[in-house]
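A short write-up of the structure that comes next.
What you see is a predicted model, and the numbers here were worked out from it, not measured in a lab. Convention: sequence-line order gives letters A, B, ...; per-chain numbering from 1.
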Amino acid sequence: MHYNFKEIEKKWQKHWLDTCAFRAQTDPTRKKYYLLEMFPYPSGKIHMGHVRNYTIGDVASRFKTLEGYNVMHPMGFDAFGQPAENAAIKNKTKPAVWTHKCIAEMEIELKKMGFSYDWQREFATCDDDYYKWNQWIFLKMFERGLAFKKASGVNWCPSCQTTLANEEVIDGGCWRCHTAVEQKNLDQWYLKITDYKERLLEDLGQLKHWPQRVLSMQNNWIGKSSGVDIYFRLKDSDKLISVFTTRVDTIFGATYIVLAPEHPLVQELIQGKPQEKEACEFIKKVSVQSKVVRAASDVKKEGVFTGSFAVNPVNNEEVPIWIADYVLMEYGTGAIMAVPTHDQRDFLFAREHKLPMRIVIKSKISVNLTNDLSQAYEGDGEQVNSGEFNGLANQEAKLKIAQWMEVQGMGKIQVHWRLRDWLISRQRYWGTPIPIIYCPACGIVPVAYQDLPVKLPADAPFTGEGGSPLGKVEEFVEVKCPKCKGNARRETDTMATFFDSSWYFLRFCSPEFNQAPFDKQEAKYWMVVDQYIGGIEHAILHLLYSRFFTKFFQDLKMIDFAEPFDRLLTQGMVLKDGEVMSKSKGNIVDPDSMIKDYGADALRLFILFAAPPETELEWDERGLEGAFKFLNRVWRIHENLKDQADQEIIKVLHRTIKKVSVDFSEFKFNTAIASLMELTNAIYQLGADKAVFLNLVIMLSPIVPHFSEELWQILGNKESIFKASWPKYNPELLVEKRVELVIQVNGKLRNKIEVSCGISDDQLKELVLKDDRVSLWLEGKSPKKFIIIPQKLVNIVV
RNA sequence: GGGCGGAUGGCGAAAUUGGCAGACGCGAUAGCCUUAGGAGCUAUUGGGGCAACCCUUGGAGGUUCAAAUCCUCUUCCGCCCACCA
């Protein structure tokens with residue numbers, strides 16, 4: 001018979017809820033621990049990814065509780081967003097109704113997993129007392145010029161009928177539906193995240209406990225690139241073309257320059273030239289090309305000559321000006337100097353169009369100085385053909401040339417960034433209304449703070465067909481101007497949902513606070529988040545925005561730290577047959593049916609045991625069965641306890657406590673479980689008393705809480721096991737008197753001997769030489785050298 | 001093209017950071033037990049060999065008394081960024 005997990009899990013889940021077992025109370029006398037998992041989008045059902053994410057967090061949270069920390073472990077819902085709108089259209093209901101139904105269903109599923117949340121802190125971002133503070137934050141940003149409206153070319157998804165942030169465009173397609181993104185000129189709200197670029201970059205250095213991978217992704221995304229803006233004068237006028245380069249050391253090898261087809265000077269340059277017609281056609285062709293096609297790396301670089309020339313300031317050489325599709329208006333200055341000998345793209349382009357090349361960096365390896373190259377040389381070397389800079393190492397020349405050019409007024413040392421301002425306007429219904437009023441007399445007027453929240457109307461005629469649905473709700477749109485009291489109209493766009501999730505971790509500190517987004521005092525106690533856990537897919541967007549908001553709050557003096565998350569763990573995906581579980585692949589394993597068959601505890605145990613948290617986890621139901629068997633094996637021990645444990649099992653216990661304590665703090669749950677299994681095996685061999693067994697149960701409790709609570713109670717404890725404390729090991733018990741040593745001859749394992757720990761090196765040498773197997777391998781030769789690693793090994797070198 | 005990770009039995013994975021490769025589990029094989037169940041218990045389980053032994057951490061070299069671990073080259077896989085100047 002197996003233990004009755006159904007009854008036990010139900011019983012303890014009810015008990016935890018009834019007693020508010022995981023209520024976090026602010027208590028300045030105690031050390032706090034804020035553990036947070038990325039809150040879910042309420043889709044209605046939890047999937048294995050959620051189960052894994054939240055199980056990892058739950059174990060950490062319960063472990064910290066047992067260690068004596070005052071733990072806060074909250075849960076909420078990232079409830080605004082487009083899927084709710086689509087589902088509402090499909091199911092002929094309202095997004096609010098659908099969302100709340102989904103939240104209710106998910107709460108039940110999360111509770112069935114036995115997660116230790118402080119449910120009293122729960123909120124959903126679609127609650128008006130949450131999104132009110134989105135609007136408040138927006139207004140604060142607006143006051144400081146950090147929220148601003150700009151007409152510009154924006155990414156537009158024709159399928160979702162909405163704009164997208166740069167971050168939401170993936171491979172030229174919409175992150176949600178993968179439709180090719182188009183460019184559209186619209187009046188949109190932006191957040192000036194670029195004002196924070198230096199701090200966002202620099203403070204990455206503070207994040208000592210973030211995965212390297214995430215840091216480098218953020219680093220790439222911010223994309224700081226240092227170089228020089230070089231001014232090329234036009235041959236026939238005084239106008240300048242500014243080009244950006246990170247390789248100013250190659251300036252003497254610039255044999256032509258290339259402009260993006262959209263560059264503002266292009267029309268002037270081609271006007272009246274013989275090439276005008278050809279150039280116009282080319283520009284037209286490129287302009288209709290989608291970004292995806294243009295960015296495809298296998299497409300041949302195309303371009304045309306403008307007919308005009310510019311002058312290279314360093315040597316007054318006339319160089320032809322070309323237009324090509326591989327130069328992008330969005331980056332740098334939209335113009336480049338081309339150095340075909342030292343840039344592969346320039347090289348291919350120059351070869352194609354028979355443009356001149358000149359080597360200016362001599363590679364140390366190759367002596368090739370002819371122009372008969374097979375590819376560009378992009379490495380380091382010595383300057384040649386570079387006037388007064390000849391002979392310098394190119395890295396040194398880079399600095400010297402840059403300084404010299406700045407002094408001469410030929411250019412300016414310049415930094416370009418990849419990071420763009422964050423577009424937050426969405427032409428959607430189910431989101432936070434942007435709290436702005438357009439007055440014919442006063443222009444753009446912010447909604448007054450006392451008028452917040454600008455409530456989202458309960459109903460709007462959204463069809464998914466485009467345009468802002470709020471624009472069709474007259475009683476929403478029509479409003480009096482807060483300044484002149486005249487007739488005015490509200491902004492009808494809503495905010496991108498990433499806005500909502502950029503500060504929710506602060507709201508959890510004081511979810512009911514009604515004076516500000518969060519209570520300073522509460523935030524002072526609970527923040528920063530000690531451990532944050534979530535998927536790698538949020539490595540850039542959500543984490544960058546959250547860091548930005550945190551710095552903004554710091555500037556408002558609402559908090560006194562710069563980074564919100566101390567430790568970050570990005571858990572790996574759950575795979576089935578080597579593939580991501582997805583509806584379209586039909587390989588979804590439903591957590592709920594696994595709970596029915598094996599119980600939540602077994603599911604939690606399996607998911608932690610099968611792989612370390614960061615790596616991908618291959619779903620294996622037989623493994624789950626194995627986890628279940630192990631629990632039954634532990635269960636049976638309590639019926640066969642001895643009155644007294646012998647010394648040997650106590651030693652094993654203390655070794656296990658040491659190992660498991662370390663593993664738990666390092667999130668190595670798989671090896672922690674392995675040690676607990678070893679302890680269990682040892683108990684089967686040696687027997688155990690109640691005290692030993694209870695220690696095992698406590699160590700298991702973060703992983704399998706219902707199971708452990710029940711055994712804890714059966715063995716006579718009145719209070720919850722989570723009121724107990726984590727066991728400590730006795731170091732004296734870990735000291736061994738005798739130890740097994742490995743004997744190697746020339747580094748090969750030849751024998752093992754047991755010796756007392758206090759043995760001296762000389763005694764050991766003697767003992768080893770007497771050993772039969774050793775003398776067999778020595779074949780009469782005398783040892784050259786002994787290498788002794790205390791308590792571990794002896795290696796005899798002959 | 002750039003960056004960051006990986007590659008260990010039939011499978012998921014360990015390896016105190018340079019010191020017994022394969023802990024723990026799954027699967028498999030054999031046996032035992034029984035109130036036949038979602039059982040349980042005991043052994044064996046990287047490969048070769050009767051054996052002593054030999055081989056084995058994607059591949060090839062190297063450093064070292066000693067390498068899964070460090071170095072060089074190389075192949076494959078994953079993720080991120082990307083005509084980024």
> Quick one: side chain to side chain donor-acceptor pair (under 3.5 Å) partners of A:Gln395, sequence neighbours excluded?
Replying inline: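 In terms of side chain to side chain donor-acceptor pair (under 3.5 Å), with neighbours along the sequence ignored, A:Gln395 is linked to A:Asp380.
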>> Taking the six-membered ring of A:Tyr684 as reference, does the cationic atom of A:Arg633 (NZ for Lys, CZ for Arg) lie under 6.0 Å from its centre and within 45° of its axis?
In response: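 Output yes; distance and angle both within limits.
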[N] versus [M] - spacing of their [atom1] atoms, nearest Å:
| N | M | atom1 | answer |
| --- | --- | --- | --- |
| B:U29 | B:U35 | P | 26 Å |
| B:A36 | B:G48 | C1' | 41 Å |
| B:U17 | B:U69 | C1' | 7 Å |

Taking [atom1] from [X] and [atom2] from [N], how many angstroms apart are they, rounded to a whole number?
| X | N | atom1 | atom2 | result |
| --- | --- | --- | --- | --- |
| A:Phe630 | B:A39 | CZ | P | 18 Å |
| A:Met337 | B:C83 | CE | C1' | 17 Å |
| A:Gln218 | B:C4 | CD | P | 17 Å |
| A:Leu215 | B:G5 | CG | C1' | 14 Å |
| A:Asn632 | B:G38 | CG | P | 11 Å |
| A:Asp343 | B:A82 | CG | P | 18 Å |
| A:Met217 | B:G2 | CE | C1' | 15 Å |
| A:Ile230 | B:A85 | CD1 | P | 14 Å |

Can you pull every protein N or O that's under 3.5 Å from an N or O on nucleotides 27-30 of chain B?
none

>> More than 12 heavy atoms of other residues, nucleotides or ligands under 6.0 Å from CD of A:Glu7: yes or no?
In response: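 Atom CD in A:Glu7 is not packed in, count stays at 12 or less.
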> Got a sec: does the NZ of A:Lys642 have more than 12 other heavy atoms crowding it under 6.0 Å?
Replying inline: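 Correct, the count exceeds 12.
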>> According to side chain to side chain contact (heavy atoms under 4.5 Å, CB included), who are the partners of A:Phe609, at least two apart in sequence or on a separate chain?
In response: A:Ile673, A:Ala674, A:Met677
> So which nucleotide from B:C4, B:C81, B:A85 ends up closest to the side chain of A:Ile540?
Replying inline: B:C81
> Any salt bridge between A:Lys765 and A:Asp761, counting N to O under 4.0 Å?
Replying inline: no
> Taking 4.0 angstrom as the limit, do A:Lys285 and A:Glu302 come out as a salt bridge?
Replying inline: yes
> What pairs meet the side-chain hydrogen bond (donor to acceptor under 3.5 Å, both in side chains) rule with one or both residues in residues 249-260 of chain A, with sequence neighbours excluded?
Replying inline: A:Arg247-A:Asp249, A:Asp249-A:Asn394
> Should A:Leu575 and A:Leu617 be marked as a side chain to side chain contact (heavy atoms under 4.5 Å, CB included) after you check the CA-CA gap, both sets of side-chain angles, and the distance that decides it?
Replying inline: CA-CA 6 Å; A:Leu575 309 179; A:Leu617 185 149; over 6 Å; no
>> Reading RNA chain B from 5' onward, which residue's closest nucleotide shows up sooner: A:Phe5 or A:Ile336?
In response: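 This one resolves to A:Phe5.
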Do the side-chain N or O atoms of [X] get closer than 4.0 angstrom to the phosphate oxygens (OP1, OP2) of [N]?
| X | N | result |
| --- | --- | --- |
| A:Arg633 | B:G25 | no |
| A:Arg418 | B:A82 | yes |
| A:Arg636 | B:A39 | no |

> Quick one: what's the B/S/- string for nucleotides 12-24 of chain B, heavy-atom cutoff under 4.0 Å, read 5' to 3'?
Replying inline: BSS-B--BB--BB
> If you look at every strand shown and take non-hydrogen atoms under 4.0 Å, does A:Tyr598 touch a base, only sugar-phosphate, or nothing?
Replying inline: base
> Which part of the nucleic acid does A:Arg655 contact within heavy-atom distance under 4.0 Å: base, sugar-phosphate only, or nothing?
Replying inline: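 Counting heavy atoms under 4.0 Å across all strands, no contact is made by A:Arg655.
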> Want to know the stems of RNA chain B: at least 3 consecutive Watson-Crick or G-U pairs with distances under 3.5 Å, which are they?
Replying inline: B:1-7 with B:75-81, B:10-12 with B:24-26, B:27-32 with B:40-45, B:46-48 with B:53-55, B:58-62 with B:70-74
> Have A:Asn632 and A:His2 got a donor and an acceptor in their side chains that come within less than 3.5 Å?
Replying inline: no
>> Are A:Phe664 and A:Phe669 an aromatic pair, judged by ring center distance below 6.0 Å?
In response: yes
> Would you say the side chain of A:Tyr729 lies within less than 4.5 Å of the side chain of A:Pro731, judging by non-hydrogen atoms?
Replying inline: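 Answer yes - side chains close enough.
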